[in-house]
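To keep things clear, I will list the structure first and then write my remarks on it.
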There are 2 protein chains.
Amino acid sequence: MLSKKTKYGLKALTFLASQKVKQPVQIAEIAKQENISQKFLESILLSLRKTGFLGSKKGKGGGYYLIKEPKEIFMTDVMRVLEGPIAMVPCVSLNFYEQCDDCPDEDSCAVHMLMLKVRDANLKVYRNTSLADLTG
Amino acid sequence: MLSKKTKYGLKALTFLASQKVKQPVQIAEIAKQENISQKFLESILLSLRKTGFLGSKKGKGGGYYLIKEPKEIFMTDVMRVLEGPIAMVPCVSLNFYEQCDDCPDEDSCAVHMLMLKVRDANLKVYRNTSLADLTG
DNA sequence: ATTTACCCTATAGAATTAGTAGATTAATAA
DNA sequence: TTATTAATCTACTAATTCTATAGGGTAAAT
């Protein structure tokens, strides 16, 4: 299952991407428009800022805004930040590889084999999809 | 993340598929060979039996065995039983469709759009992979 | 009588999804 | 300049659910 964190994060990003005027948007505004718990969204936007997707401005007239162009924001990066590793098992992860402690041989492991295919399929989708592609 | 339930279930299935002699294999045997908590495996095998993948035999010489040929067992079905719906959100699920309560319009929803692609990609992999393909 | 699957319950730990309270910063009005 | 307001930021807490496992007893086959 996709976590609500990821769902909300994606919605917030696309909301910001579809802004005509390039001014900061307040958390409350995004939360209201997208039906998201404001406090939860707050922590999500914060993590998106800390990972370089968003910028923020405090005080009156403040809010969040995209740092890069939607075309330049790819789902591979977004998903890794919001949802975690794209691979479903660490032993097929590109960025978070870990050996299985219970499995003696990766090459003959059925789970490894299957999840490798799944990872490749998902990577292909995420790499070929930018935020711009999602703003209809 | 792939649950251990699914991981163990897949390992058990491939273990059974790679048996030369077509005789029931005991839970304890599978658990030992595949480094799986026996009690946990017990419940997994039970659910695989109830969903038509395995047969069982009680008493001496008993155990679990595959009902169908490995070639005829596809990952779509296995994954749905072990891991749940293949879709990451209910609004793109073929077998477990549910409307989102927070999202007014599916067609313009970024999450919907992205997850549709992901579902298709995963379905393709699962449909094209049988248990026989994993026993390499 | 023994061996095995079957069934039910409980539980510790982790992750998820929030909510509460306050601190900090920046713009603006006095 | 000062006070006020509007916003992000930080930290703590909590309810709920999910995960993984263990224990003990029952039923059936040999």
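In what follows, every chain begins at residue 1, and chains take the letters A, B, ... in the order their sequences are listed.
Among the protein residues, A:K39 comes within range of the nucleic acid bases, having at least one heavy atom under 4.0 Å from a base atom. At the heavy-atom level, B:G63 lies under 4.0 Å from the strands shown only through sugar-phosphate atoms. Within the nucleic acid shown, A:K50 comes within 4.0 Å of sugar-phosphate atoms alone, with no base atom in reach, counting heavy atoms only.
With C:dT17, D:dA28, C:dC7 as the candidates, the nucleotide lying closest to the side chain of B:K58 is D:dA28. Closest to the side chain of B:K60, from the set C:dA18, D:dT30, C:dT17, is D:dT30. Across D:dT8, C:dA27, C:dA18, the shortest atom-to-atom separation from the side chain of A:K57 is found for C:dA27. The A:F40 side chain lies nearest to C:dA18 when the options are C:dT3, C:dA18, D:dA20.
Counting to the nearest Å, the P atom of D:dA7 and the CG atom of A:L41 are 15 Å from each other. In this structure, A:R49 atom CZ and D:dT10 atom C1' are separated by 11 Å, rounded to whole Å. At whole-Å resolution of the value, CD1 in A:I36 and P in C:dT17 are 12 Å apart. The CG atom of A:L2 sits 16 Å away from the P atom of D:dC18 (whole-angstrom rounding). The separation between B:Q38 atom CD and D:dG23 atom C1' is 13 Å, rounded to whole Å. Going from atom CG of A:L45 over to atom C1' of D:dT10 covers 15 Å, rounded to whole Å. Distance, A:E42 CD to D:dC12 P: 16 Å, rounded to whole Å. Nucleotide D:dT21 holds its P atom 12 Å from the CG atom of B:N35, rounded to whole Å.
Remark: B:Y8 is not in phosphate contact with D:dT19, judged by side-chain N or O atoms under 4.0 Å from OP1 or OP2. For A:K5, no side-chain nitrogen or oxygen approaches OP1 or OP2 of C:dA15 to under 4.0 Å. Residue A:S37 places at least one side-chain N or O closer than 4.0 Å to OP1 or OP2 of C:dG19.
Annotation: proximity of residues 19-33 of chain B to DNA chain D (heavy atom, distance under 4.0 Å) is found for no residue.
Distance alone, capped at 3.5 Å, places no donor-acceptor pair between the B:R49 side chain and the B:G55 backbone. One N or O on the side chain of A:D133 and one on the backbone of A:S130 form a donor-acceptor pair closer than 3.5 Å.
Using modelled atom types and a 3.5 Å distance limit, the side chains of A:E83 and A:S3 yield a donor-acceptor pair.
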Go through it in stages, so that I can follow the logic: the residues are A:K22 and A:E69, the test is salt bridge (charged side-chain N to carboxylate O under 4.0 Å, His left out), and I'd like the CA-CA distance, side-chain angles, deciding distance and then a yes or no.
CA-CA 11 Å; A:K22 274 240 167 177; A:E69 288 297 311; 3.7 Å; yes
Please lay out, stage by stage, how B:L131 and B:T14 fare under the test side-chain contact (heavy atoms from CB on, under 4.5 Å).
CA-CA 7 Å; B:L131 194 53; B:T14 49; 3.6 Å; yes
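Looking at B:L16 and B:I30, their side chains come closer than 4.5 Å, going by heavy atoms from C-beta outward.
With a 6.0 Å radius and a threshold of 12 heavy atoms from other residues, nucleotides or ligands, B:Q23 has its CD atom at or below the threshold.
Of the charged side-chain nitrogens involved, none lies within less than 4.0 Å of a carboxylate oxygen, so that B:E29 and B:K32 do not count as a salt-bridged pair.
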